[in-house]
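Here is the structure we will look at.
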Amino acid sequence: MFEKVLETTQYLENRVTNRPKIAIILGSGLGGLVDYVENKVVIPYKEIPNFPVSTVAGHAGELVFGTINGVEVLVMKGRFHYYEGYNMKQVTYPQYVFKQFGIETMIVSNAAGGANKTFKPGTLMIINDHINFFGTSPLIGSNDERFGPRFPDMSETYNKELIEKAKEVAGKLDIEYREGVYLGSSGPAYETAAEVTMMMRMGADAVGMSTVPESIVANYLGIKILGISCITNMATGIATKPHSHEEVVEIANQTGEKFCKWIAETVKEL
Ligand code: HPA
């Protein structure tokens, strides 16, 4: 895998002169951040050697290089979900490439259901910790010490300094936010009401189908992480009507502007 990652990294280094230290992963409905990127260089995933190939038509992702407020960034528009059938190594392949490329900070975002009853749809939540409910880990298998340790510490997966900076920026911009624990599970079915009750009792504030694998690997690689969830709906049992993906995307889109302003300002402070 190490050689594959090097090959991918070298391809990107040959294609762009950009050398960002910040990568941003955009969750469902949060793709609008790409409009904030200047001097864009867009590379579809399908052109990138060894990148997982999307099998779902019309779901092709792309890497976007450029600057936000003058700061170089690498934006991932579209991620690989476990529920799509990718294995965990594929889901987290971009993080290995980030590291080789020189990325030091990863801002990861997602759309999530609110398990904390005091949240409302449209809430932005800073992720201060996570619960891995995927039933597996992206680090299972033989370990290559060139990437990271066999038994990585997870005591500060979401960087406290980054969290403080994000809070400062939110204060300056008058952006309301909450803070809490993100629980990730495979999906693709939404949770049952009984499962949400269990997840709440376990300490989850938000539930979703991504982020946890990427954060485990980024942390293992020594990349600092800032995570933001966009609460698009109340989780099952708290919500008063059935979920729909359309609603998730619609609410994320509506919240997108607040999210984009926050991220655009935060990258200046990193
Ligand atoms: N559950 C899981 N994932 C989600 C949800 C949810 O309620 N909303 C958006 N992504």
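Numbering of ligands and ligand atoms starts at 1, following listing order. This chain uses plain numbering: 1 for the first residue, then up along the sequence.
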(request) For atom 5 (C) of ligand 1, find the nearest protein heavy atom and state the residue, atom name and distance (0.1 Å precision). (result) G113 N, 3.4 Å

(request) Flag yes if more than 12 heavy atoms outside K4 fall under 6.0 Å of its NZ atom; otherwise flag no. (result) no

(message) Can you confirm whether the side chains of S210 and N110 place a donor and an acceptor under 3.5 Å from each other?
(response) no

(message) Within a 6.0 Å radius of atom CD on E156, are there more than 12 heavy atoms belonging to other residues, nucleotides or ligands?
(response) yes

(message) Give me the nearest non-hydrogen protein atom to atom 3 (N) of ligand 1 as residue plus atom name, then the distance to 0.1 Å.
(response) G208 CA, 3.4 Å

(request) Pull out every atom of ligand 1 sitting under 4.0 Å from any heavy atom of M209, numbered as shown with elements. (result) 2 (C), 3 (N)

(request) For this output row, return yes or no: ring centroids of F147 and Y220 closer than 6.0 angstrom. (result) no

(request) Could you see which bit of N233 sits under 4.0 Å from ligand 1, with heavy atoms only: side chain, backbone, both or neither? (result) side chain

(message) Side chain, backbone, both or neither: which applies to T232 and ligand 1 if a contact is any heavy-atom pair less than 4.0 Å apart?
(response) side chain

(message) Suppose we measure from atom 2 (C) of ligand 1 to each protein heavy atom; which comes out shortest, and what is that distance?
(response) E191 OE2, 3.1 Å

(request) Of all the heavy-atom pairs spanning M1 and Y93, show the shortest one and how long it is. (result) CE-CD1, 4.1 Å

(request) Please state which part of S28 comes within less than 4.0 Å of ligand 1, counting heavy atoms only: side chain, backbone, both or neither. (result) neither

(request) Identify which of P188, C230, S185, A111 has a heavy atom lying nearest to atom 10 (N) of ligand 1. (result) A111

(message) Rounded at 0.5 Å granularity, tell me how far CD in E62 sits from CD in E47.
(response) 10.0 Å

